Amino acid sequence: MKNLLSMKDLTIEEITTILDRAEILKQYGIRELPVNYMVSNLFFEPSTRTKMSFEVAERKLGLETIPFEAGSSSALKGESLYDTLRTLEEIGMDVVVIRHPEERYYEDLIGKLNLAIINGGDGSGQHPTQSLLDLFTIKEAFGGFKGLNVLIAGDIAHSRVAKSNADALTMLGANVTFLCPSEWAGEFPSVCEWEGVIEESDVVMLLRVQHERHDGESRFTKEEYHQRFGLTVEREKMMKPGSIIMHPAPVNRDVEIAGSLVEGRRSRIYKQVENGVYIRAAILEVLLKGRELTWRKSLRVPMY
Amino acid sequence: MKNLLSMKDLTIEEITTILDRAEILKQYGIRELPVNYMVSNLFFEPSTRTKMSFEVAERKLGLETIPFEAGSSSALKGESLYDTLRTLEEIGMDVVVIRHPEERYYEDLIGKLNLAIINGGDGSGQHPTQSLLDLFTIKEAFGGFKGLNVLIAGDIAHSRVAKSNADALTMLGANVTFLCPSEWAGEFPSVCEWEGVIEESDVVMLLRVQHERHDGESRFTKEEYHQRFGLTVEREKMMKPGSIIMHPAPVNRDVEIAGSLVEGRRSRIYKQVENGVYIRAAILEVLLKGRELTWRKSLRVPMY
Amino acid sequence: MKNLLSMKDLTIEEITTILDRAEILKQYGIRELPVNYMVSNLFFEPSTRTKMSFEVAERKLGLETIPFEAGSSSALKGESLYDTLRTLEEIGMDVVVIRHPEERYYEDLIGKLNLAIINGGDGSGQHPTQSLLDLFTIKEAFGGFKGLNVLIAGDIAHSRVAKSNADALTMLGANVTFLCPSEWAGEFPSVCEWEGVIEESDVVMLLRVQHERHDGESRFTKEEYHQRFGLTVEREKMMKPGSIIMHPAPVNRDVEIAGSLVEGRRSRIYKQVENGVYIRAAILEVLLKGRELTWRKSLRVPMY
């Protein structure tokens with residue numbers, strides 16, 4: 001593996017390698033790598049949790065994290081993403097994490113760069129590290145994926161999480177159902193009633209209502225959305241024993257999920273956050289392992 | 001001690017513990033802690049000196065400082081401060097420093113989180129680390145607090161420094177007098193003439209005129225303020241032997257204090273800046289000492 | 001050497017010292033310094049490559065880099081640059097890198113501070129670290145400077161690179177010619193035709209057309225500029241054997257240089273980027289070597 005761009009590129013073997021490594025890191029702790037690799041997190045869209053989660057994983061691996069400020073960058077001077085990345089490669093970056101508003105921004109970059117690219121989210125496209133941490137959390141709860149019923153509810157068309165997860169879960173043998181207002185389904189088949197699906201679901205995965213992507217055009221108030229498409233306290237009671245609730249966060253409490261369920265017994269929401277660090281560390285390890293050591297890299301222990 | 005939120009919460013013993021530890025750190029230097037703790041500085045209001053002072057203290061203690069960008073954070077997506085902090089806790093943060101425009105923002109958080117919180121300033125409320133570094137600087141000059149006359153001059157009502165310091169100094173046995181334009185006194189008794197108090201003061205502590213909190217509503221020009229309420233060159237000559245001048249900075253030269261006095265012989269203004277690093281390191285040590293080591297923490301020395 | 005402010009201040013011996021040290025660092029790698037120095041990068045103007053290049057050099061030298069956010073700094077509260085730097089000195093900064101929109105911003109600071117200042121660009125003034133990396137790249141290609149013909153093409157009047165380089169290259173024995181639209185020549189003699197000079201040049205150094213400094217006032221379209229003053233594919237064919245192309249970047253492809261030449265065989269553009277890290281590390285080493293060790297500094301190896 002050279003880059004991690006989309007769940008569609010991953011084989012079952014590659015997914016399994018990452019999940020297994022994350023499990024070991026969670027059990028024994030993340031250790032510093034013996035080589036002084038350098039990384040930069042290029043977030044052209046706002047992010048707290050994904051960026052900080054990567055930053056923690058990177059520091060625990062002993063990587064040097066070089067700050068990149070999208071807001072004051074040369075991109076503002078009209079530089080192409082390729083030229084920015086070529087520059088980062090020349091100053092010594094081994095890997096970059098990129099979040100970018102443009103879908104498939106990475107297509108023009110493939111095969112032209114030596115640094116490794118991890119996609120931290122591309123427009124309404126994919127978000128593979130979120131998807132892998134979701135898979136990890138599901139596997140932690142059920143031991144595997146075959147035959148699981150996964151219900152994904154919310155803004156399917158705009159969600160990179162929905163698409164990444166549906167691709168991967170289906171490949172791994174789970175049954176994925178989308179639930180959403182009909183105009184948010186995009187090209188995907190979906191249902192718009194909870195009844196009949198909530199009772200059968202092993203995993204109810206809620207998506208954030210992205211107010212910022214629906215400026216003024218929403219036909220629901222928050223209360224209406226919650227009543228029609230949110231996981232209410234009443235609906236949670238219909239869930240079967242052992243079933244779990246997931247959400248990529250940040251959560252709009254009492255919109256897509258009742259506030260009292262966020263830290264309830266079925267919820268894996270903050271467990272997902274914790275697992276994200278291990279998944280990202282595992283991905284970084286796998287990608288960096290593939291790189292040859294160049295003379296520019298020194299071992300960590302300095303000689304005085 | 002689990003958090004440091006307000007000077008009002010501290011006992012004399014706790015203040016003494018912090019001041020004593022800071023003195024040792026100043027004398028022998030700040031050393032790396034043997035555990036790889038993680039910290040994040042959440043500044044929802046602009047700051048150079050407080051934020052960088054914490055950052056330096058944290059690095060010298062060997063903490064991993066994980067950047068947090070308030071301007072591009074999930075808070076913008078409507079997430080509550082509690083949910084943001086729960087996330088930071090899950091990704092591994094041991095302690096956070098928070099500056100927030102809302103007074104007593106921390107009230108809803110107490111008892112709900114495992115990470116330690118240091119208040120770096122809440123609206124017009126408190127600023128306990130500034131207060132502790134001020135106490136440290138006074139103790140360094142006079143050996144103690146009993147019977148000292150401390151004059152605090154400036155925008156009392158809007159100043160978190162004034163209130164934090166008055167609370168603590170009074171508890172420690174000093175006599176605090178406020179001097180300010182009558183409309184800036186808020187609920188506190190104050191005088192509005194220098195004559196009669198300047199001659200008796202051991203400490204003259206000036207506050208910044210916060211132009212940004214008085215948009216267009218000020219009835220003084222800068223020159224008028226300086227003449228009426230600033231520490232002019234003439235007034236400094238009336239100060240008694242051994243008395244000192246303090247200011248939390250940044251200074252408006254020739255507004256609250258004559259420019260030529262800022263680095264004069266009575267001034268402790270830059271000494272306060274230096275002392276801030278030792279105080280903040282001492283606070284971090286005290287709070288982290290209270291935390292149990294979890295299996296997630298590893299010792300610093302890596303095993304290859 | 002205490003500061004690095006302008007190429008005009010440097011003697012030939014000082015330039016040689018820095019170039020020689022950078023050559024050694026490039027050959028053997030950059031190592032951690034044995035003392036835990038602290039640095040901050042104060043960029044009051046946007047920058048990706050210069051700032052990140054410094055950051056990489058600093059990390060490889062083992063410096064603690066303390067983040068400074070110009071956008072939310074006390075400078076916004078009206079603090080002078082001197083007072084900001086005095087504060088940074090007190091909290092322990094050994095060296096600062098400053099980029100500032102004001103030409104010769106550093107004049108009021110000289111001799112008043114203990115911390116070392118590296119000028120990362122002052123308005124339309126100088127950019128000495130860029131200049132030194134350009135010299136390094138030329139020396140790498142030709143072994144020296146005597147008798148070399150260097151053609152600098154572009155917005156001479158607004159370019160800090162043009163002036164820094166012309167000063168230094170002339171002192172080192174090269175012949176510098178400026179090529180530009182007549183209204184961009186400023187006070188400097190220049191030519192406005194490629195014919196007659198391109199054939200004789202050993203180095204063709206292109207400058208970025210700074211759209212952001214010519215708001216709406218440019219009399220050229222991008223295509224017109226490229227045809228008249230850019231390095232076109234046709235002009236490159238007229239260059240003599242062994243001659244090279246340089247550019248400080250970021251590049252406007254197909255404006256000052258044909259896009260296909262950017263990574264062509266004559267181009268040293270990305271080599272310049274790589275060399276920048278070694279030059280900046282060499283400068284930091286030279287400046288820090290001049291500082292006495294104070295008791296505040298500890299050796300890197302911690303004692304537990």
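Note that the coordinates shown come from a computational prediction; the quantities given were computed from them, not determined experimentally. Below, chain A is the first sequence line, B the second, and so on; all start at residue 1.
Here C:R253 is the residue among C:Q272, C:K51, C:R253 with the most heavy-atom pairs under 4.5 Å with chain A.
For the 3.5 Å distance criterion, the side chains of A:N119 and A:Q126 fail to qualify, holding no donor opposite an acceptor. Donor-acceptor pairing under 3.5 Å is recorded for the side chains of C:Y270 and A:D83.
At a threshold of 4.0 Å, the pair A:K163-A:E103 does not count as salt-bridged, since none of the basic side-chain nitrogens sits closer than that to a carboxylate oxygen. Ionic pairing of C:K139 and C:D20 is present here: one or more N-O contacts between side-chain nitrogen and carboxylate oxygen are shorter than 4.0 angstrom.
With a threshold of 4.5 angstrom between heavy atoms, C:V277 approaches chain A through side-chain atoms but not through N, CA, C or O. If you measure heavy-atom distances from A:S80 to chain C, you find no contacts under 4.5 Å at all. Using a 4.5 Å cut-off between heavy atoms, C:K271 does not touch chain A at all.
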